[in-house]
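We count ligands from 1, going down the list as the structure has it; atoms in each ligand are counted the same way.
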Amino acid sequence: MPPGEFALIDRYFRDIGARRDVRVGVGDDGAVLAPPAGQELVAVVDTLVEGVHFPAGSPANSIGHRALAVNLSDIAAMGAAPAWALLALTLPRADERWLEAFAAGFAALARAHDLQLVGGDMTAGPLTVTVQVLGFAPRGEALLRGGARPGDLVCVTGTPGDAACGLALLQGRLRTPAMADEAALEVLRRRFLYPTPRSTAGPRLRGVASACIDISDGLAGDLTKLARASDCGVRVDVTQLPLSAPLIAIAGRAAAEHFALTGGDDYELCFTVPAARAAALAGLACTAIGRVTEGRDITVCRGDSVIEFSHSGFDHFAR
Ligand code: ADP
Ligand code: MG
């Protein structure tokens with residue numbers, strides 16, 4: 001007889017992480033958690049659906065990593081530190097090799113963040129993974145989307161565009177140069193399969209950034225959301241975009257810019273900083289790509305000339 005639901009939970013999900021502030025974890029009807037005094041809870045949840053958020057047949061290890069990483073990215077964008085997670089897993093069948101690889105991908109990232117899996121759910125159906133993460137930020141200090149002011153610098157961590165290019169490669173949608181550098185291809189594919197949530201940068205931006213958002217639907221679209229929430233405009237200079245060497249080598253400069261502006265799945269942080277606080281960014285791997293402006297326009301330019309650019313970011317219900 002194949003192992004039942006409870007045996008599977010016991011085997012794969014009972015021992016992911018260990019924290020002292022968990023009074024009751026996996027095994028009871030609910031988790032009992034003790035948030036530290038003086039901190040506010042920050043709660044996020046994200047769902048990954050096979051064929052929508054990742055290609056059918058993606059490695060289970062990557063799916064486990066990504067399901068947690070996308071939530072850790074939201075926590076980082078709030079300037080918070082992650083603590084606890086809940087996992088609701090819908091699987092077509094109880095495939096133990098798949099579960100083992102999935103749990104390993106999830107657990108490696110959880111341990112790296114001192115995060116404990118404290119509960120969840122398992123059901124049969126089309127492959128769907130929902131993760132909720134709870135974290136903390138000191139009272140009143142969480143980073144929001146709405147604090148940008150005209151004159152602030154617009155900055156981004158890492159090298160956006162890599163993940164979208166990696167996904168295009170995984171899906172065979174991109175014509176690659178003959179003799180394409182295999183190491184560069186692998187870097188890009190891994191940036192989709194194993195995104196790195198900016199968990200150190202997020203909390204460091206508390207008291208520094210005026211607004212922050214993570215890039216899940218594309219830099220231009222997510223920056224538009226930040227600008228709308230702040231009731232400001234932004235002006236971004238494509239010549240300032242931090243494009244990675246592998247991205248330029250594989251996609252070429254023009255497509256690289258397009259991936260960086262519109263591709264999703266980067267899980268980099270895009271934030272604004274008053275110029276007077278820019279010195280506090282020293283040592284943080286980020287790049288200034290533009291300015292917050294008066295008005296409500298989202299302007300993309302190349303040096304001094306404005307370029308036509310239409311985008312809206314990914315919207316599940318718009319197409
Ligand atoms: P209930 O029926 O009360 O909702 P379950 O019997 O479904 O609870 O789950 C038993 C315990 O296992 C609960 O503590 C639940 O949070 C936990 N759990 C269930 N599925 C998962 C999972 N995929 N990962 C982690 N914990 C899980
Ligand atoms: Mg119950």
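- Distance alone, capped at 3.5 Å, is enough to place a donor-acceptor pair between the Arg19 side chain and the Asp114 backbone.
- Residue Gly27 has at least one N or O atom closer than 3.5 Å to an N or O atom of ligand 1.
- If you take OG on Ser244 and CG on Asp162, they are separated by 3.5 Å, rounding to the nearest 0.5 Å.
- Taking only non-hydrogen atoms, the option from Phe106, Phe102, Phe6 nearest to atom 6 (O) of ligand 1 is Phe6.
- Side-chain atoms of Asp74 do not come within 3.5 Å of backbone N or O of Val44 as any donor-acceptor pair.
- Residue contact check: Met122 has heavy atoms under 4.0 Å from atoms 20 (N), 23 (N) of ligand 1.
- Taking every heavy atom of Asp29 and a limit of under 4.0 angstrom, the matching atoms of ligand 1 come to 3 (O).
- Taking all heavy atoms of Thr123, Val26, Asp28 into account, the minimum distance to atom 14 (O) of ligand 1 is reached by Asp28.
- In this structure, Thr157 and Glu268 approach most closely via the heavy-atom pair OG1-OE1, 2.5 Å.
- When all heavy atoms are compared, the tightest approach of Gly17 to Arg111 is N-NE, 4.4 Å.
- Between Trp84 and Phe136, the ring centre distance stays below 6.0 Å.
- Residue-level proximity to ligand 1 for Glu5 is carried by the side chain, the only part with a heavy atom below 4.0 angstrom.
- Ligand 1 has an N or O atom lying under 3.5 Å from an N or O atom of Gly120, backbone or side chain.
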